Protein chains: 2
Amino acid sequence: MINDSQLVNRAFRGDFEPALIEEINRVGIYQEVEEGDYLIRPGSYIRSVPIILSGSVKIMRADAGGNEALLYYLSGLDSCAMSMTGGPANKPSEITAVAEEKTRLIFIPLEKVDEWICRFPTWKQFVFRTYQRRFDDMIATIDSIAFQKLDERLLTYLKKKTQSCQCTVLQVTHEEIAREMATSREVISRLLKQLERVGYLRLSRNKIEIL
Amino acid sequence: MINDSQLVNRAFRGDFEPALIEEINRVGIYQEVEEGDYLIRPGSYIRSVPIILSGSVKIMRADAGGNEALLYYLSGLDSCAMSMTGGPANKPSEITAVAEEKTRLIFIPLEKVDEWICRFPTWKQFVFRTYQRRFDDMIATIDSIAFQKLDERLLTYLKKKTQSCQCTVLQVTHEEIAREMATSREVISRLLKQLERVGYLRLSRNKIEIL
DNA sequence: CTTTTTCCGTGATATATGTCACACAGACGC
DNA sequence: GCGTCTGTGTGACATATATCACGGAAAAAG
């Protein structure tokens, strides 16, 4: 149950019908997480579905060997399709979700996600739009990995990242970028340096400023 | 309307309730396609959702520059999640679907797909299981492209392909494999030759026999 | 059968990316 | 201040993959 009903109201008014908003107020769980907090870890079971109110969350794939690949970002009023499907079938999660910044979200219990589909048309629409978006994101990711060279991929990476956090200064290390792109730190450092020489950005320790 | 009601009956008995099977008989459209036939082309709008009864279908991503990437295969009682979401939102398709062999399928009109979700529990389950499977497939694809080297990827490619067509002799040219893996023919030829030397397969013109 | 087309094999070479080794510089504790 | 981390820059080199340039072989067309 969410105490501050205005919060939910403001967030969903226009998207969801009043009865649904009321329901969300009743069974949803509001939570604030800090940058770096994990929402989902591989292997864990999912019992509720997050909807992001503000902030952004990074969804990654990590294999056993410590490799990582960025799948997509979630931000305003987005939700995680993976947890909608992964949940009901009761399979452990294949992915990792980490907050990119201070993020406010609401968790909806799985059985409600399912139940509401038939009770509230706008919810059904929401669920399917979420699937659609995530499919598009995944396809974009595959495009990028399969067709682009590293320098182009780095550019798309930076673009997506600035989009999701709505800012031009990224607090991130080369090492971290390298991990998310499944390559090595040196390569990223070199490519970034190149982009700096071209005037696309400015580098300093732990910081990349897009120009 | 499908004349041979036994056909649908046999295919779905056990998975769907009788009332749903009857509905499928009433509004579904049965079709047989040959190897190489296109079911969906990029840019086209989708008005019905295919369910594969037998045979197999290859789902690919193709970008403007003639590059291609294999996303996944569909076979027995699978369906295409992409067309479930892509349809309702009325967006043109981002993908290509080609029959890998002679394939029998049933097309369900989009509005029915949506309507049945709330009317038939087994249908809802079917739709969500389909989403889940396709997500898993996409993740496997990303894993493969991002983490594996070409020789490993080629192996997974061959494995998936034999799985989907249920046979050990693949009728395919090196050129075609190369296109689907977004690399060049020579590279594939070399790697295949290597696999032959190791005794994993036998090569001849237009044919790869897995051992 | 002869010609033509399509597919395959392979060396040589180019380019992109990965790896190693190490220097240096800013942050941070003490 | 000083030492200790952690992050960054860079050359040299290793490897994987892409490209070019062929020749030959099997199938298809004539």
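No experiment lies behind these values; they were computed from the predicted model shown.
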From [atom1] of [X] over to [atom2] of [N], roughly how many Å is that when rounded to an integer?
X	N	atom1	atom2	value
A:E196	D:dT8	CD	C1'	11 Å
B:R179	C:dC8	CZ	P	12 Å
B:L203	D:dA25	CG	P	17 Å
B:L191	D:dT17	CG	C1'	9 Å
A:L154	C:dT17	CG	C1'	14 Å
A:Q194	D:dT8	CD	P	17 Å
B:D151	D:dT15	CG	P	15 Å
A:R185	D:dT6	CZ	P	14 Å

Classify the ring geometry of A:F16 against A:F126: parallel below 30°, tilted from 30° to 60°, perpendicular beyond 60°.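 Ring orientation of A:F16 relative to A:F126: perpendicular.
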CD of B:E94 to CZ of A:F135, rounded to nearest 0.5 Å, is 12.0 Å
Separation of B:I106 CD1 from B:Q31 CD (nearest 0.5 Å):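 Reported to 0.5 Å precision, the distance equals 11.0 Å.
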Under the criterion side chain to side chain donor-acceptor pair (under 3.5 Å), which of A:Q163, A:K102, A:E100, A:E101 is the partner of A:S56? A:E101
Given D:dA12, D:dG7, D:dT19, which nucleotide is nearest the side-chain atoms of B:R190?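 Selected nucleotide: D:dT19.
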By nearest atom, which of the nucleotides D:dT10, C:dT19, D:dC20 is closest to the A:V187 side chain?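 Nucleotide nearest to A:V187's side chain: C:dT19.
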Please classify the nucleic acid contact of B:T173 as base, sugar-phosphate, or nothing, using heavy-atom distances under 4.0 Å. sugar-phosphate
At a cut-off of 3.5 Å, list every protein nitrogen or oxygen paired with a nitrogen or oxygen from nucleotides 13-16 of chain C, distance to 0.1 Å.
residue: C:dA16; atom: OP1; partner: A:K149; partner atom: NZ; Å: 3.3

Passes side chain to side chain donor-acceptor pair (under 3.5 Å), A:Q148 versus A:T156? Steps please. CA-CA 10 Å; A:Q148 299 187 312; A:T156 15; 3.2 Å; yes
Presence of salt bridge, A:E176 and A:K58, under 4.0 angstrom: yes
Using a cut-off of strictly less than 4.0 Å, decide whether B:T183 has a side-chain nitrogen or oxygen near OP1 or OP2 of D:dA18. yes
Phosphate-side-chain proximity, B:H174 and C:dT6, N/O vs OP1/OP2 below 4.0 Å: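 Result: no.
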base_contact_polar (C:dC8 base, B:E186 side chain, donor-acceptor, <3.5 Å):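 Counting by modelled atom types and ignoring angles, no donor-acceptor contact under 3.5 Å is found here.
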If each of B:R205 and A:A182 is mapped to the nucleotide of DNA chain C with the nearest heavy atom, which maps nearer the 5' terminus, i.e. the 5' end? B:R205
Can you tell if the side chain of B:I177 reaches within under 4.5 Å of the side chain of B:I208, non-hydrogen atoms only? yes
